[in-house]
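Working notes, structure below.
Because the structure is predicted, anything quoted here is derived from the model rather than measured. All values below come from the heavy atoms of this structure, side chains included, with hydrogens, waters and symmetry mates left out. To find a chain, count down the sequence lines: A is the first, B the second, and so on, and within it residues start at 1.
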Number of protein chains: 2
Amino acid sequence: MQQSPVPPESPIYRRIADGLREAILAGDLQDGDRLPGENALMVQYGIARATARQALSVLINEGLAVPKRGSGVYVRQFRPIRRHGSRRLSREQWERGQAIWDSDTRGRPYTVDDVNIDKEVAEDFVARVLNSTEVWVRRRRYSVDGRPVQLAVSHFPADLVQDTPITQENTGPGGVYARLGDLGLAPAHFTEEVRARMPHPHETVQLDLPAGTPVIVIGRIAYTAAGVPVEVNEMVLDSASYVLQYDFDS
Amino acid sequence: MQQSPVPPESPIYRRIADGLREAILAGDLQDGDRLPGENALMVQYGIARATARQALSVLINEGLAVPKRGSGVYVRQFRPIRRHGSRRLSREQWERGQAIWDSDTRGRPYTVDDVNIDKEVAEDFVARVLNSTEVWVRRRRYSVDGRPVQLAVSHFPADLVQDTPITQENTGPGGVYARLGDLGLAPAHFTEEVRARMPHPHETVQLDLPAGTPVIVIGRIAYTAAGVPVEVNEMVLDSASYVLQYDFDS
DNA sequence: TAGTGGTCTAGACCACACA
DNA sequence: GTGTGGTCTAGACCACTAA
């Protein structure tokens, strides 16, 4: 009936992970710095390899570190793009230098690849929102500096956009919204629904996401001034590459 | 010089995880359903325990499943609260039945616990935004149905709110914003910065987050009509409990 | 070639849940 | 008590990176 021997503290792998995390969050280890590898941890703490791996996997799944095969485990950085929702209300005071998170303000150009356009039967929620069972769907991927950052899928009611450039790869100057304007259907109101979750496998591939990186999912509905829904756009963003900004009154 | 023997496909643990994920996303397994456990997978696929664990850990880290000690691994659901940013512009058309994600609209009451108020030296970015090195800080946690869903930390310039109920636990009717109004500092404009990341350990504890659940972080700055910043509020939300909605023009 | 991370096996002891 | 997941050891072979 003696007391339990020694296990009052948290498991070894967790204590190791805590130590490394602290070093990262404190800035002792930063940006592309190399973390102690599996072998180093085995020696330093006298543990088995699986345990060292478990410790590192904690940080990897938290998105704080990235493993590079044959090389090592490295600290990850956060330098997002700033995406503006409603910026119409911005005054100088809250437009300049008042950001909470640092971000890349240099307006780097988007690249669009993998454009893909199809006429499809609408999924349930799209059909419900657009009041249309047939839709034209535009899928594309956006990259910045050669790195993919966003997947977007836009849906348009088939009867409204049939035989317009919206069903073509090249939509002409001003893009899709300008063409909707030509039809007298210029988007005037938007609602955006924002959520976050872990990525699905195909998103991990298409966005080249390291483990531990959530995605931000934006469901956006565009309405004309008359209240006609003309577009449902679902965007999937690499959360390590974005900060969303919304400015509003009241 | 014969071809490589058999390993053209993805690793076993991944194929198992893929199969289970498919079952979840297709709805074959849902809500609180129990997944096949480690032992079941070992037998079914003839693999070692560590490999079965690895397969399950994939789903757990994706937030699709939750392990329950001594019981099993269970499918997780997504039934979020809808949080409205700018809703001022909402018309009936885009206010009712036009949501992309299901959400709990029944207005369940928040509970606030762990209220904590202190006068502190402002962190860098807070000091920069508020033009004040000393701030009053209100920390609190919000729960819905007894489950914690949000952590919030509000900062107020010390010189503006000194000796007001804002420095007290009970701020009176209308809350903090009403008291700011009493001072002629009613918030009129807001900017919100939204990002997502994996939670830090203390957030995991305070929000009781299962593995694989990202947090949504909202950095909110409130300005008076005159453009004076009066509050910096950092909110950390359980991403499995929230959908953010923003409505805007243009 | 040496070192790194990726995958996998075959055991072990533990705390906890549930019947 | 039996079964579950949590932690840990001590090996193995592989693919990839970098010198």
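Heavy atoms only, all atoms of each residue included: B/Pro148 and B/Arg141 are closest at CB-CD, 3.9 Å. The shortest heavy-atom contact between B/Met198 and A/Pro214 is SD-CG, 3.9 Å.
By the 6.0 Å and 45° rule, A/Arg82 does not stack over the aromatic ring of A/Tyr242. Stacking of A/Arg53 on the aromatic ring of A/Tyr13 is not recorded, the 6.0 Å distance cut-off and the 45° axial limit not both being met.
Note: A/His155 and A/Phe125 have perpendicular aromatic rings, judged against thresholds of 30 and 60 degrees for the angle between ring planes.
The neighbour count for B/Glu22 CD, taken as heavy atoms of other residues, nucleotides or ligands under 6.0 Å away, does not exceed 12.
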Go along nucleotides 3-10 of chain C 5' to 3' and tag each nucleotide: B for a protein heavy atom under 4.0 Å from its base, S when only backbone or sugar atoms are that close, - otherwise. BBBBBSB-
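Residues A/Glu193 and B/Arg83 are not paired through a salt bridge, judged by the lack of any N-O separation under 4.0 Å between the basic side chain and the carboxylate.
When each of A/Leu56, A/Leu25, A/Leu64 is checked for a side chain to side chain contact (heavy atoms under 4.5 Å, CB included) with A/Leu20, only A/Leu56 meets the rule.
The OH atom of B/Tyr74 sits 12 Å away from the P atom of C/dA17 (whole-angstrom rounding).
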Intra- and inter-strand pairing of DNA chain C, written as dot-bracket with Watson-Crick and G-U pairs under 3.5 Å and | for the latter, reads ||||||||||||||||||.
